[in-house]
Amino acid sequence: PFSFPSGWLPVLQLVRQGSKAVTRHWKAMHFQRQKLLAVTEYVAPRPAIPPRCIAPSRKEKTEEVDPYTRLLQRQLEEVFRTNRMVAICQFNSMPGEDVVLLRHYLRKHNIEVKFVLNEVAKPVLAKSKYKNLLPLFVARNILLVSPELKAKEMLRVLKGVPQINLLG
C-alpha cells in the first residue's frame with residue numbers, strides 16, 4: 001500500500017471534532033410557563049342577553065331568481081319528465097377532444113350528455129319525486145339521459161372513461 005514520506009502531511013485533513021447539537025427533540029414546557037399561559041388565556045365575555053332570549057328578526061328575504069336560471073330549471077324539469085333513463089355522473093376534468101369523443105360514442109346509443117349546475121339542479125330535485133338524489137349533487141356533475149333504458153351500452157362506454165364516475 002501507499003505510505004506518506006516522513007515529515008509530510010496531506011494538504012486536506014478531514015477530522016470531525018465534537019458532536020453536533022440536535023435541537024429538534026420535543027421538550028416539555030416548564031410548569032411555571034404552563035401556569036402563566038393558563039392564567040393569561042383569553043376568556044370571551046358572556047353576552048348581556050342570552051341569544052335564546054332575543055327574538056329572531058322577521059325580515060323575509062325574497063330572493064328573485066334570475067330568468068336564465070328559471071329557464072334552465074324548466075329545461076331540467078323537462079329532461080326528468082321526458083326521459084326514462086337519467087344517470088348522474090361525477091365529471092372530473094378531461095381534455096375537450098375526449099369529451100367530444102364521449103358524446104359521440106354515447107349519441108350512437110341515443111344517450112345525451114347534459115352538463116348541469118348544482119344551483120340549478122338542487123331546487124328542481126327538491127320539488128320532484130327524485131329528492132333522494134340531492135346528496136349526489138356536490139361536485140361537478142353531468143346527466144346522461146335517454147328516452148329508452150340503455151344502461152348496458154352506457155356502462156360499456158363509461159368503462160373506458162376513468163374521469164367520469166357513475167353516481168346514480
Reported [atom1]-to-[atom2] distance for the pair [X] and [Y], which is rounded to 0.5 angstrom:
| X | Y | atom1 | atom2 | result |
| --- | --- | --- | --- | --- |
| Phe80 | Lys129 | CZ | NZ | 10.5 Å |
| Cys89 | Lys114 | SG | NZ | 14.5 Å |
| Glu77 | Leu125 | CD | CG | 10.0 Å |
| His30 | Leu37 | NE2 | CG | 13.0 Å |
| Ile164 | Ile142 | CD1 | CD1 | 3.5 Å |
| Leu134 | Asn132 | CG | CG | 8.5 Å |

Check whether [X] reaches the backbone of [Y] with its side chain - one donor and one acceptor, N or O, closer than 3.5 Å.
| X | Y | value |
| --- | --- | --- |
| Ser146 | Met85 | no |
| His109 | Ile111 | no |
| Asn118 | Ala139 | yes |
| Asp98 | Met94 | no |

Heavy-atom side-chain contact between [X] and [Y] under 4.5 Å:
| X | Y | answer |
| --- | --- | --- |
| Arg74 | Glu78 | no |
| Asn141 | Phe91 | no |
| Thr69 | Asp66 | yes |

Please report the shortest heavy-atom distance between [X] and [Y], naming the atom on each side.
| X | Y | answer |
| --- | --- | --- |
| Lys122 | Phe137 | CE-O, 3.0 Å |
| Asn83 | Pro147 | OD1-N, 3.5 Å |
| Leu76 | Val120 | CD2-O, 4.3 Å |
| Leu36 | Thr40 | O-OG1, 2.8 Å |
| Ile88 | Leu133 | CD1-CD1, 3.6 Å |
| Lys131 | Ser128 | CG-O, 3.4 Å |

Transitively linked via ILVMFWY side-chain contacts under 4.5 Å: [X] with [Y]?
| X | Y | answer |
| --- | --- | --- |
| Val86 | Val157 | no |
| Leu143 | Leu166 | no |
| Met154 | Leu102 | yes |
| Tyr105 | Phe115 | yes |
| Leu144 | Leu155 | yes |

Any salt bridge between Arg107 and Glu112, counting N to O under 4.0 Å?
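So Arg107 pairs with Glu112 through a salt bridge.
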
Neighbour count above 12 (heavy atom, 6.0 Å) for Ile54 CD1
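Atom CD1 in Ile54 is packed in, count exceeds 12.
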
Can you pull out every side-chain hydrogen bond (donor to acceptor under 3.5 Å, both in side chains) where at least one residue sits in residues 149-165? Sequence neighbours excluded, please.
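Every pair satisfying side-chain hydrogen bond (donor to acceptor under 3.5 Å, both in side chains) with a residue in residues 149-165: Gln90-Asn165.
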
